[in-house]
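Just so you know, these numbers use all the heavy atoms, side chains as well, and skip hydrogens, waters and symmetry mates. Convention: sequence-line order gives letters A, B, ...; per-chain numbering from 1.
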Amino acid sequence: MQQVIFKRPEILTDAFTHYCPGCGHGTIHRLVANAIDDLQIREKVIGAGPVGCSAMIYDYLDVDFQQSAHGRAPAVATGIKRVSPENIVFTYQGDGDLASIGTAEVIHAAARGENITVIFVNNAIFGMTGGQMAPTTLLGQKTQTSPEGRDLTTQGYPLRVCELLNTLDGVAYLARVSVHDVRNVLQAKKAIKRAFETQIEKKGFSLVEVLSICPTNWGMKPKQAIQWLEENMTAYYPLQVFKDWR
Amino acid sequence: MEKVLMKGTEAIGEAAIRAGCRIYCGYPITPQSELLAYLAKKMPHIEGASFLQSESEVAAINMIYGAAGAGARAMTSSSSPGVSLKQEGISYIAGAELPCVIVNASRGGPGLGSIQPAQSDYFQATKGGGHGDYRLIVLAPKSVQEMYDYTFDAFDLADKYRTPVMLMCDGALSQLMEPVVLKDIEVKKYEKPWATTGAKGRKPVLVSSLRIDPADMEKQNDHLFEKYEKIIANEARYESTCNADTEYVVVAYGIMARIAQTAIKKLRQEGIEVGLIRPITLWPFPVQAFDGLRDQAKLFISLELNKGQMVEDVRLAVNGKAPVEFYGRSGGMMPKPDEIVEVIKRKISGVEKCNK
């Protein structure tokens, strides 16, 4: 007699993903799917997708979606939430989308205490366009547009999104997690569920920043990339819960 | 029916509420900030309606995208520089086929320009504005009453065709106070099975303008243009005072049409037969208003508050059958009727000299 002890979350479709080997998006999609399954909110969820590697997230999650212009997902989500306050509205955005072209939209959605959830994937690079410098690219990190390594004097400092948003009273839940090993994946799973609970309880804006790897554009093997994230990214982007309304 | 004295912007606001607009998002900019103020006062008291002052024009139009995509009647407004900022969102809205209303109380440009009335956003409104192949239905009222009436039409056309509609007024109309009859206009309800409302008992829906496969993208563009052909065939609107004896035709819209009307009245008193074509829809441009006239009239004059934009559509409509002249003031300057009388007389004598 065989027993099922582990299965795909129901809202995660069985489509083949277009992501590169080793990419963190697959894991993070799954964690979002887990949260939606666990909270039994599939019929209420509306996603606002980004522009970037995860633009086609709607192929992988079996919920209503609106594809948004680059960086504008928090504004799109705001429009959705204001006219359908009983729905659960979330955005899924990368660091080019959220931390570069979309800084105004995310900051103001947070400042308004907009009752939406933002899943923010920080892999320190623009993935889809082929590996250009992101606002989150670390000092000295080599990318297509910082070929000698990010240079402080001409390219400035990396942006810490959570620390920036932590100053805003409209934010109800704010955490930075990572998916580079099992222990951290479990932490990330908890945080993402908590962010959705924040919205269900109508507490205000919730955001989870997820540190993730991009082996293809970092020019590393997945194992090396995991090590690089652990050694470099967690030092500049400390993993912690910044705010929890509970 | 109640008759009240209202500003143009307020008439749009009141009509939007009555037409079932459930969300307004906008950013303050002269000369239409009174519309925000009016809706900020009224909308919070209407059940299920929300007013939101957005952090930017860009955010405002994207909020409208989200709300319209979720099935709500939604509106934003701005003036020229702000409407430029909205173009990205308007292109996405057209691409994703979302119904919404965008108001432009246009002012002098380019750049930050002036805050006085102008019609220099005609190209932007009628030829695309944002990237990609798309059109907006553009309605051009000429009075505060029409701003009220056409707001209902704008919401209805948007839902009927799943397309963004622009209400194109200007700094003069938006600031003008005139009596308005607050007519009870019937609001038709449209089913929106494509809207994101949560996938309850159904498969998920997707609101998107993304078509990664070029063959799909071409198919979508073909679909959009089949829709635009229907709009061209069914929705072009105009007002005309031309008849079988009209020799000279003035073409003007919005506030300029009213100045032209006064000038034409004076000319007729002097025995000069001038007719007016007033496009109500700037897109689709009412080409049928020129049928018959293009072979009969000796001269067409396009009068505009810009350096010559609609005149290109007038030329296409006249199709080389008669001379087409242009006169315009720009930057926020408005001509007086006497100035227009002189211009029309001068243009007529020019064409008559050539005909001799």
Side-chain angles (χ1 to χ4, degrees), chain A residues 10-11 13 18 36 40-52 55-91 101-112 114 116 128, chain B residues 21-25 27 43 48-76 85-93 95-96 98 100 130-131 194-212:
Chain A
E10 274 179 26
I11 76 143
T13 66
H18 68 288
I36 294 171
Q40 300 185 319
I41 50 174
R42 182 232 169 217
E43 294 183 338
K44 285 184 167 187
V45 168
I46 304 170
V51 169
M56 283 173 289
I57 182 172
Y58 49 74
D59 281 342
Y60 311 126
L61 297 182
D62 190 39
V63 295
D64 280 4
F65 252 100
Q66 293 197 22
Q67 188 269 326
S68 322
H70 200 25
R72 317 300 178 216
V76 170
T78 297
I80 300 171
K81 188 71 181 183
R82 290 292 177 116
V83 298
S84 30
E86 297 311 316
N87 284 92
I88 301 300
V89 184
F90 79 101
T91 76
I101 203 164
T103 41
E105 284 76 14
V106 74
I107 286 174
H108 286 275
R112 283 192 302 269
E114 209 64 57
I116 59 171
M128 194 179 69
Chain B
C21 177
R22 278 175 55 205
I23 185 166
Y24 170 91
C25 303
Y27 185 86
M43 285 187 97
S50 32
F51 166 89
L52 207 163
Q53 181 173 330
S54 316
E55 65 270 26
S56 69
E57 302 282 7
V58 174
I61 192 71
N62 283 286
M63 288 169 181
I64 295 306
Y65 177 102
R73 282 198 159 179
M75 182 171 87
T76 183
L85 284 165
K86 291 188 197 294
Q87 292 302 326
E88 173 202 50
I90 295 173
S91 170
Y92 276 69
I93 287 169
L98 299 179
C100 72
H131 61 283
W194 44 264
T196 59
T197 53
K200 191 173 183 178
R202 61 159 170 77
K203 285 198 163 131
V205 295
L206 173 66
V207 166
S208 175
S209 60
L210 176 64
R211 303 286 187 280
I212 205 89

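Neither the backbone nor the side chain of A:Ala48 comes within contact range of chain B; no heavy atom of the residue lies under 4.5 Å from a heavy atom of that chain. Heavy atoms closer than 4.5 Å to chain A are found in both the backbone and the side chain of B:Ser209. Of the atoms belonging to B:Tyr92, it is side-chain heavy atoms, and not backbone ones, that fall under 4.5 Å from chain A. Contact annotation for B:Ala60: neither backbone nor side-chain heavy atoms come within less than 4.5 Å of a heavy atom of chain A. Heavy-atom distances place the backbone of B:Phe51, and not its side chain, under 4.5 Å from chain A. With a 4.5 angstrom heavy-atom cutoff, B:Leu206 touches chain A via backbone and side-chain atoms both. Both the backbone and the side chain of A:Phe65 have a heavy atom closer than 4.5 Å to some heavy atom of chain B.
The closest donor-acceptor contact from the side chain of A:Arg72 to the backbone of B:Met63 lies at 3.5 Å or more, if one exists at all. The closest donor-acceptor contact from the side chain of A:Asn87 to the backbone of B:Thr197 lies under 3.5 Å. Of the possible donor and acceptor atoms, none in the side chain of B:Tyr65 sits under 3.5 Å from a partner among the backbone N and O of A:Gly79.
Atom NE2 of A:His18 and atom CD1 of B:Ile212 lie 8.5 Å apart (nearest 0.5 Å).
A salt bridge is defined here as a Lys NZ or Arg NE, NH1 or NH2 lying under 4.0 Å from an Asp or Glu carboxylate O, and B:Lys200 with A:Asp64 fails to meet this definition.
Here B:Leu85 pairs with B:Glu57, B:Val58 under the side chain to side chain contact (heavy atoms under 4.5 Å, CB included) rule; sequence neighbours left out.
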Task: Test log, rule side chain to side chain contact (heavy atoms under 4.5 Å, CB included), inputs A:Glu105 and A:Val76 - done: CA-CA 9 Å; A:Glu105 284 76 14; A:Val76 170; over 6 Å; no
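Each of B:Ser208, B:Ala70, B:Ala199 has some count of heavy-atom pairs under 4.5 Å with chain A, and the biggest count is that of B:Ala199. Among B:Gly89, B:Gly71, B:Gly198, the residue with the largest count of heavy-atom pairs under 4.5 Å with chain A is B:Gly198.
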